[in-house]
Each structure stands twice: as C-alpha cells, then as structure tokens.
Amino acid sequence: MLDITIIREKPEWVKEQMEKLNDMAAKDRIDEIVRLDAERRALLTEVEDLKAARNRVSKEIGRMKDQEAREAKIVEMQGVAAQIDELDEQVHQVEAELDEHMNWVPNLPHTSVPVGPDDSHNIVKETFGELPNFDFTPQAHWDFGPALGILDFERGVKLSGTRFYVLRAAGARLQRALINWMLDLHTTQHGYTEIISPYMVREAIMYGSSQLPKFGENLYRDIEEDFYFIPTAEVSLTNLHRDEILEAGQLPIDYVCYTECFRREKMSAGRDVRGMKRGHQFAKVEMYKFTRPEDSYDALEQMVQHAGDVCRALGIPWRIVEMVTGDLGFQATKKYDLEMWAPGCGEWLEVSSLSNCEAFQARRANIRYRPEPKAKPQFVHTLNGSGLALPRVMIAVMENYQQADGSVVVPEALRPYMGGLEVIEAE
RNA sequence: GGAGGGAUGGCCGAGUGGACGAUGGCGGUGGUCUUGAAAACCAUUGAGGUAUUUUGUAUCUCCGGGGGUUCGAAUCCCUCUCCCUCCGCCA
C-alpha cells in the first residue's frame with residue numbers, strides 16, 4: 001500500500017508513475033482516492049467535534065445532582081449520539097471504499113528503473129559464463145530425465161494431474177542436495193537466519209504481502225478452514241514481524257527459508273506445460289530482508305550477489321536482467337531477475353526474482369522500527385529474492401551437465417551433499 | 001470432538017457503568033547521591049489519526065477483532081479469533 005499523503009500531495013505525478021507501470025486501471029483510481037481522502041478528513045473533523053462535546057457533557061452529567069437538569073442534558077445528548085452514529089457510519093463507508101481503491105494501486109517505480117512498456121524491453125545487464133558447446137545434440141530434461149529414472153511425469157499426472165511430476169532416486173536426492181547446499185551457503189557465507197514456517201496462512205496474511213486482493217486467482221485455498229496455501233515463502237516471511245516495532249539495532253534482519261510453493265497458474269494456462277518449468281507445486285529457497293529505508297537499495301544489490309553466488313558456484317551460464325517499469329509487478333519499486341541457461345530447452349530460465357518493496361508491504365503488514373530510542377516508529381523496507389527456485393535450477397543442472405550417453409555429471413559443489421556421487425547414471 | 005477458564009501498556013498484573021489511556025510492580029530512560037559502580041531516592045516512559053505552517057497546542061480513537069446497549073463502556077450484551085486446563089483422538 002502506498003502512503004496516502006503522496007497521492008494527496010502529488011496526484012498528477014502519481015498518475016504519471018501509473019502510466020510508466022502500464023497500470024491504467026490503477027491510474028483511474030487516483031482521482032477517486034483524492035476525493036475520498038478529502039471526504040474522510042472532512043467527516044472526521046465534524047464527528048470529532050461532536051464526540052468532544054459528548055465526552056465533555058457526559059462527564060458533567062455524571063456529576064450533576066439536579067435530576068431535572070440531568071434529564072434535560074441526557075435528552076439533548078441522545079440527539080448528539082444519533083448524529084455521531086450516523087457520521088461514524090459514513091466515515092466507515094468512506095474508509096472502506098478508500099481502502100479498496102488503495103489495495104489495487106501498485107508500488108511506485110524507483111527513479112533508477114528504466115521506463116519501458118513490457119518484459120520485451122527488459123535489460124540484460126550482465127552475462128556470466130560461456131554458453132556450452134556440446135559435441136552431441138543436447139537433450140531436453142523431459143527426454144533424458146525419465147530415461148535416467150530420476151524424473152517421472154506420467155506418475156505425477158496420475159497422482160495430481162497436469163503440471164505435476166515425481167522426482168525419483170538420484171533426482172530426488174539432487175533436489176534435496178541443492179536445497180541443503182543453498183541453505184548452507186546463505187546461512188554460513190551470507191549471514192542469513194534460517195526459518196521454517198507454515199505453508200498455510202490466514203487470509204489477512206495474504207493482504208499483508210499484497211498477494212490479495214489482486215492475485216487471488218493464483219492462490220489455492222481451503223475454504224472450509226479459511227486457509228490459503230502460500231505461493232512463495234515471501235508471504236510468511238513478510239508477516240513474521242507483522243504488527244511489530246523493531247529496534248534499530250535489530251536491522252537488517254536477513255532470513256532464508258525453504259518452502260514448497262503453490263500456484264494455480266491460471267494466468268499462464270497452456271504455457272510452459274512441458275517439463276518441470278512451471279508446476280502447481282514447487283520448491284524454493286527464499287531470501288528475505290527487513291532494512292532501514294536508507295539501506296534498502298544497497299541490500300538489493302547485495303541480495304543479487306547472494307543469488308548470483310549460487311549460480312556461479314554451479315558453473316552454469318547465467319545473467320542478470322533488470323526489469324523495466326512495465327514489468328515491475330505490483331509490490332516492487334525495483335526488480336532484477338536472474339536467469340540460467342538451459343541448453344536442452346534452448347532458453348534462459350528465470351531462477352530468481354529479486355525485489356525491493358520499500359515500505360509497500362511494511363505499511364500493509366504494519367512492520368515498523370524505531371530509528372532512535374524514543375523516536376517515532378517508521379516503516380521498514382522489505383526485500384525478497386529467490387535463492388533459488390529449485391525446478392528451474394534442476395533443469396539447468398541436468399541439461400548443462402548431461403553427457404552423450406544420457407548420464408548427468410553432478411556439479412562439484414553438490415557432491416558432498418550427494419554422498420560423493422559424481423555421475424548420475426541409469427540404474 | 002467434549003467440559004471449563006482466559007485475552008488489559010515493553011513485561012507482570014489491578015480494575016465489574018462516570019476524573020480510567022488506565023492503580024501497582026518489573027523493565028527502559030534521565031537525574032540526585034558516589035572516586036566509579038551497585039543500592040536507595042526523585043522524575044520520566046504506548047500507538048495511530050484529525051485540525052491548526054507547527055516541533056507547539058487542541059481534539060478523536062485504541063484495554064484481542066467486529067458489532068450492540070447507554071448521555072457515558074476496559075467494565076454490560078452478541079459474535080469471531082486466539083490462548084490455557086482437563087478428558088477423548090492422533091503423526
């Protein structure tokens with residue numbers, strides 16, 4: 001959620017930002033927000049004067065001895081109370097409307113973000129590693145994976161339908177090795193604190209990280225128990241410090257959390273249906289930071305490095321892509337994607353998405369800190385980034401390390417996590 | 001699933017219709033005392049709005065969430081959520 005004062009003070013400028021984001025629906029809400037905000041404040045002034053009068057007279061009534069005068073005052077105040085009720089009701093309505101509009105307004109892009117209409121204009125900032133040359137035609141993981149006995153799409157479908165698969169034997173172990181290795185890297189080398197948190201959360205939590213109301217379509221939920229299944233650990237991690245006032249000395253807080261993620265993928269129906277690239281359930285190691293406002297952009301660059309360290313250590317070609325305004329998404333002021341090369345599929349796969357959300361989520365989840373002892377609390381900045389998403393890393397590892405005979409070499413970094421296994425071969 | 005009991009400030013805990021944003025204690029901060037520290041004593045110590053060009057002042061709201069009764073609610077009523085105790089069930 002944006003700070004209402006920026007809309008109040010610079011509505012035209014905010015509209016320009018919405019245009020850059022290519023979010024015309026949000027732009028159209030701005031005038032209404034300005035109107036509702038003014039109405040709200042006018043109503044508040046009115047009703048608060050009445051309440052002040054009521055409080056004052058009620059105290060007098062408590063002290064009055066003269067029964068007749070007392071009765072007269074009570075009758076008088078009955079009228080005032082009725083007016084207050086009516087105005088309070090109006091305030092509630094206006095606030096609910098205002099809230100609804102604010103919930104659909106995205107975060108403002110940082111000044112450093114290149115302006116562009118959509119993802120086709122994103123900028124490849126830097127590419128690392130050489131694209132591999134094979135002396136055979138590299139296969140897609142969906143071809144050699146099942147043959148190796150490590151990947152089973154048919155049985156995944158049997159269990160749960162399309163977009164599900166089963167990892168088996170060294171395939172299952174490879175994913176577990178990657179998870180453990182990433183967690184170890186981030187906790188021991190990058191200073192993150194490891195978290196394990198619920199995969200199911202209440203509705204209010206989804207508003208806190210702004211998955212709701214805009215992205216409800218992409219969420220699984222249990223209606224009977226009113227639980228939502230998290231589409232990313234970002235949801236749980238954002239809300240971990242919900243309604244808290246942190247001490248400045250606690251910041252930055254850096255968390256890393258492995259979870260399964262659940263997504264309906266309604267928006268991408270029919271896309272990426274083949275292979276492991278886009279499933280309804282997938283594993284992800286997520287990095288998350290709470291920082292002071294002045295530190296958040298440095299923290300973002302740092303987090304890009306941390307995610308990049310994972311790519312680098314795997315020895316797979318990767319690149320950093322900077323999002324233009326039109327592809328920023330809802331919560332981010334600035335965002336990078338990390339992509340790994342997959343020679344079998346022949347495409348760059350998004351293995352990480354790293355965002356600074358500034359105070360956007362903190363405002364919704366009410367996460368503050370005290371800059372100085374006794375100072376007024378301020379909203380923290382929050383950042384999130386994958387470190388990394390497992391299925392696509394699995395694809396990249398399998399496809400980059402495949403050999404002519406269909407076997408897969410285990411990257412050196414992972415061997416200690418695979419019991420020393422060097423090559424995954426058919427049983 | 002059954003039966004009870006609870007939710008009050010950073011923490012503990014008092015408050016059952018009117019000077020209660022809330023006794024008291026702990027903790028925090030500042031001071032007195034001290035060579036220094038401790039102890040003791042004194043003072044201070046929540047959050048969010050709105051108005052007023054304003055660092056002050058006034059006022060409103062907040063005692064788990066929402067709704068109700070009343071001139072007036074931490075206090076009475078309804079409802080939801082969460083926690084605790086006992087029983088049952090269970091990885």
Side-chain angles (χ1 to χ4, degrees), chain A residues 1-10 33-102 196-208 212 221-228 236 239-251 253 260 359-380:
Chain A
M1 185 151 63
L2 290 183
D3 184 351
I4 185 89
T5 57
I6 191 105
I7 299 178
R8 186 185 299 156
E9 283 163 15
K10 299 199 282 185
I33 288 171
V34 170
R35 187 187 71 76
L36 288 166
D37 174 55
E39 194 180 341
R40 169 178 174 270
R41 286 181 295 145
L43 285 168
L44 275 181
T45 308
E46 199 181 341
V47 74
E48 283 178 7
D49 282 348
L50 288 173
K51 283 183 180 176
R54 180 180 67 182
N55 289 344
R56 198 182 61 244
V57 175
S58 289
K59 282 175 184 171
E60 282 170 22
I61 290 172
R63 281 185 257 111
M64 287 172 85
K65 298 279 190 283
D66 180 339
Q67 279 309 310
E68 233 169 86
R70 188 183 154 100
E71 283 306 314
K73 277 288 184 197
I74 287 176
V75 170
E76 187 190 327
M77 282 301 109
Q78 281 171 345
V80 173
Q83 279 182 64
I84 289 173
D85 279 351
E86 199 178 306
L87 285 169
D88 265 344
E89 178 55 31
Q90 284 181 47
V91 170
H92 274 131
Q93 263 179 35
V94 167
E95 283 183 344
E97 272 180 67
L98 188 56
D99 232 44
E100 169 65 12
H101 283 293
M102 289 297 284
I196 292 180
S197 71
Y199 295 4
M200 297 146 74
V201 298
R202 319 157 172 286
E203 187 173 35
I205 298 304
M206 286 293 177
Y207 278 91
L212 285 176
R221 77 187 286 198
D222 175 350
I223 293 175
E224 233 172 277
E225 302 287 347
D226 194 29
F227 276 128
Y228 283 84
S236 314
N239 288 281
L240 217 53
H241 293 292
R242 189 186 183 81
D243 295 323
E244 290 182 24
I245 299 175
L246 305 163
E247 291 309 318
Q250 288 177 262
L251 299 174
I253 296 173
E260 294 295 317
F360 194 76
Q361 293 177 322
R363 200 170 282 115
R364 282 203 184 171
N366 194 28
I367 310 162
R368 293 170 294 170
Y369 83 109
R370 216 179 284 282
E372 305 287 336
K374 306 247 175 185
K376 204 173 133 85
Q378 279 183 31
F379 291 112
V380 298

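Reminder, nothing fancy here: chain letters follow the sequence lines and each chain counts from 1.
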Enquirer: Send over the distance from A:Phe227 CZ to B:C82 P, rounded to a whole Å.
Expert: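 Between P of B:C82 and CZ of A:Phe227: 8 Å.
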Enquirer: To the side chain of A:Ile61, which of B:U50, B:A47, B:C71 is closest?
Expert: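 The listed nucleotide nearest to A:Ile61's side chain is B:C71.
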Enquirer: Have a look at A:Asn55 and say if it touches a base, only the backbone sugar-phosphate, or nothing, with a 4.0 Å heavy-atom cut-off.
Expert: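 Sugar-phosphate: the residue A:Asn55, judged by heavy atoms under 4.0 Å, touches backbone atoms but no base.
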Enquirer: For residues A:Arg70 and A:Ile61, determine if any side-chain heavy atom of one lies less than 4.5 Å from a side-chain heavy atom of the other.
Expert: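 Yes, close enough: below the 4.5 Å cut-off.
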Enquirer: Let me spell it out: for each of A:Gly62 and A:Val47, pick the nucleotide of RNA chain B with the closest heavy atom. Which residue's pick is nearer the 5' end?
Expert: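 Between the two, 5'-proximity favours A:Gly62.
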Enquirer: Mind checking A:Arg56 for me? I need base, sugar-phosphate or nothing, with any heavy atom below 4.0 Å counting as a touch.
Expert: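 Nothing, no heavy atom under 4.0 Å.
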Enquirer: Whole-Å distance between B:U59 C1' and A:Glu46 CD?
Expert: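 Going from A:Glu46 (CD) to B:U59 (C1'), I get 15 Å.
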Enquirer: Measure the shortest side-chain to side-chain distance between A:Ile205 and A:Met200 over non-hydrogen atoms and say whether it is less than 4.5 angstrom.
Expert: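 Not in contact.
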Enquirer: Got a salt bridge between A:Glu76 and A:Lys73, using NZ or NE/NH1/NH2 to carboxylate O under 4.0 Å?
Expert: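 Judged by the 4.0 Å cut-off on N to carboxylate O distance, A:Glu76 and A:Lys73 do form a salt bridge.
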Enquirer: Roughly how many Å apart are B:A74 and B:G67, using the P atom of each and rounding to a whole number?
Expert: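 It comes out at 15 Å once rounded to the nearest Å.
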Enquirer: For A:Asn366 and B:A47, give me the distance from atom CG to atom C1', rounded to whole Å.
Expert: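 It works out to 9 Å between those atoms.
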Enquirer: If I pick the C1' atom on B:C12 and the same atom on B:U52, what distance separates them, to the nearest angstrom?
Expert: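 Nearest-Å result for B:U52 against B:C12 at atom C1': 41 Å.
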Enquirer: Whole angstrom is fine here: how far is it from OH in A:Tyr369 over to C1' in B:G46?
Expert: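 Checked: the OH to C1' distance equals 19 Å.
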Enquirer: Return yes if the base of B:G65 and the side-chain atoms of A:Arg202 contain a donor-acceptor N/O pair under 3.5 Å, otherwise no.
Expert: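 Per atom types, no contact qualifies.
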Enquirer: Using the P atoms only, state how far B:A73 lies from B:G65, rounded to an integer number of Å.
Expert: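 B:G65 and B:A73 have their P atoms separated by 16 Å.
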Enquirer: A:Arg63 near the nucleic acid: base, sugar-phosphate alone, or nothing, with a heavy-atom cut-off under 4.0 Å?
Expert: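 Base contact.
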Enquirer: Over how many whole Å does the gap from A:Glu48 atom CD to B:G48 atom P extend?
Expert: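 Taking atom P of B:G48 as the reference, CD of A:Glu48 is at 16 Å.
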Enquirer: Within this structure, what is the NZ-to-P distance between A:Lys51 and B:A51, rounded to whole angstrom?
Expert: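 It works out to 15 Å between those atoms.
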Enquirer: Between A:Glu244 and A:Arg368, is the closest basic N to carboxylate O distance under 4.0 Å?
Expert: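 A:Glu244 and A:Arg368: not salt-bridged.
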Enquirer: Of the nucleotides B:G49, B:A51, B:A47, which has the atom closest to the A:Arg40 side chain?
Expert: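 Given the options B:G49, B:A51, B:A47, the side chain of A:Arg40 is closest to B:G49.
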Enquirer: Under 4.0 Å between a Lys/Arg side-chain N and an Asp/Glu carboxylate O for A:Arg8 and A:Asp3?
Expert: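 No, this pair does not count.
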Enquirer: Select one nucleotide: of B:G48, B:A47, B:U50, the one nearest the side-chain heavy atoms of A:Lys376.
Expert: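 For the A:Lys376 side chain, the nearest candidate turns out to be B:G48.
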Enquirer: So which one's nearest nucleotide on RNA chain B is more toward 5', A:Ala52 or A:Gln378?
Expert: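 Looking at the nearest nucleotide for each, A:Gln378 comes out on the 5' side.
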Enquirer: With a 4.0 Å cut-off on heavy atoms, is A:Arg363 in touch with a base, just the backbone sugar-phosphate, or nothing at all?
Expert: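 Nothing, no nucleic acid heavy atom in range.
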Enquirer: What is the nucleic acid contact for A:Arg70, judged by heavy atoms within less than 4.0 Å: base, sugar-phosphate only, or nothing?
Expert: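 Base contact - A:Arg70 has a heavy atom under 4.0 Å of at least one base atom.
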Enquirer: Could you write out RNA chain B as a dot-bracket string, with dots for unpaired bases, | for bases paired across to another strand, and Watson-Crick or G-U pairs counted at under 3.5 Å?
Expert: ((((((((.[[[..)..(.....]]]((((((.......))))))(((((((...))))))).[[[[[..)....]]]]])))))))....
Enquirer: Sticking with atom C1', work out how far B:C42 lies from B:A51, rounded to a whole angstrom.
Expert: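 Comparing C1' positions in B:C42 and B:A51 gives a spacing of 37 Å.
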Enquirer: Any luck finding a side-chain donor-acceptor pair between A:Arg364 and A:Asn366 under 3.5 Å?
Expert: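 Distance-only check fails for A:Arg364 and A:Asn366.
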Enquirer: Using a 4.0 Å heavy-atom cut-off, does A:Lys73 contact any base of the nucleic acid, only the sugar-phosphate backbone, or nothing at all?
Expert: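 Answer is nothing: A:Lys73 stays at 4.0 Å or more from every strand.
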Enquirer: How close or far is atom P of B:C71 from atom CE of A:Met64, stated in whole angstroms?
Expert: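 In whole Å, B:C71 P and A:Met64 CE are 15 Å from each other.
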Enquirer: Going by heavy atoms in the side chains, are A:Leu212 and A:Tyr228 under 4.5 Å from each other?
Expert: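 Counting from C-beta outward, A:Leu212 and A:Tyr228 do come under 4.5 Å.
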Enquirer: Once you round it to whole Å, what is the distance between P of B:C62 and NE2 of A:His92?
Expert: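 From A:His92 NE2 to B:C62 P: 10 Å.
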Enquirer: Considering only heavy atoms from C-beta outward, does the side chain of A:Leu2 approach that of A:Phe360 to under 4.5 Å?
Expert: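 Yes, side chains in contact.
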Enquirer: How far, in whole Å, is B:A22 from B:G88 if one measures between their P atoms?
Expert: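 Taking atom P in both B:G88 and B:A22, they lie 48 Å apart.
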Enquirer: So that I can tick it off, tell me whether A:Asp226 and A:Arg221 are bridged by a salt bridge, with the cut-off set at under 4.0 angstrom between side-chain N and carboxylate O.
Expert: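 Salt bridge between A:Arg221 and A:Asp226, a charged N being under 4.0 Å from a carboxylate O: yes.
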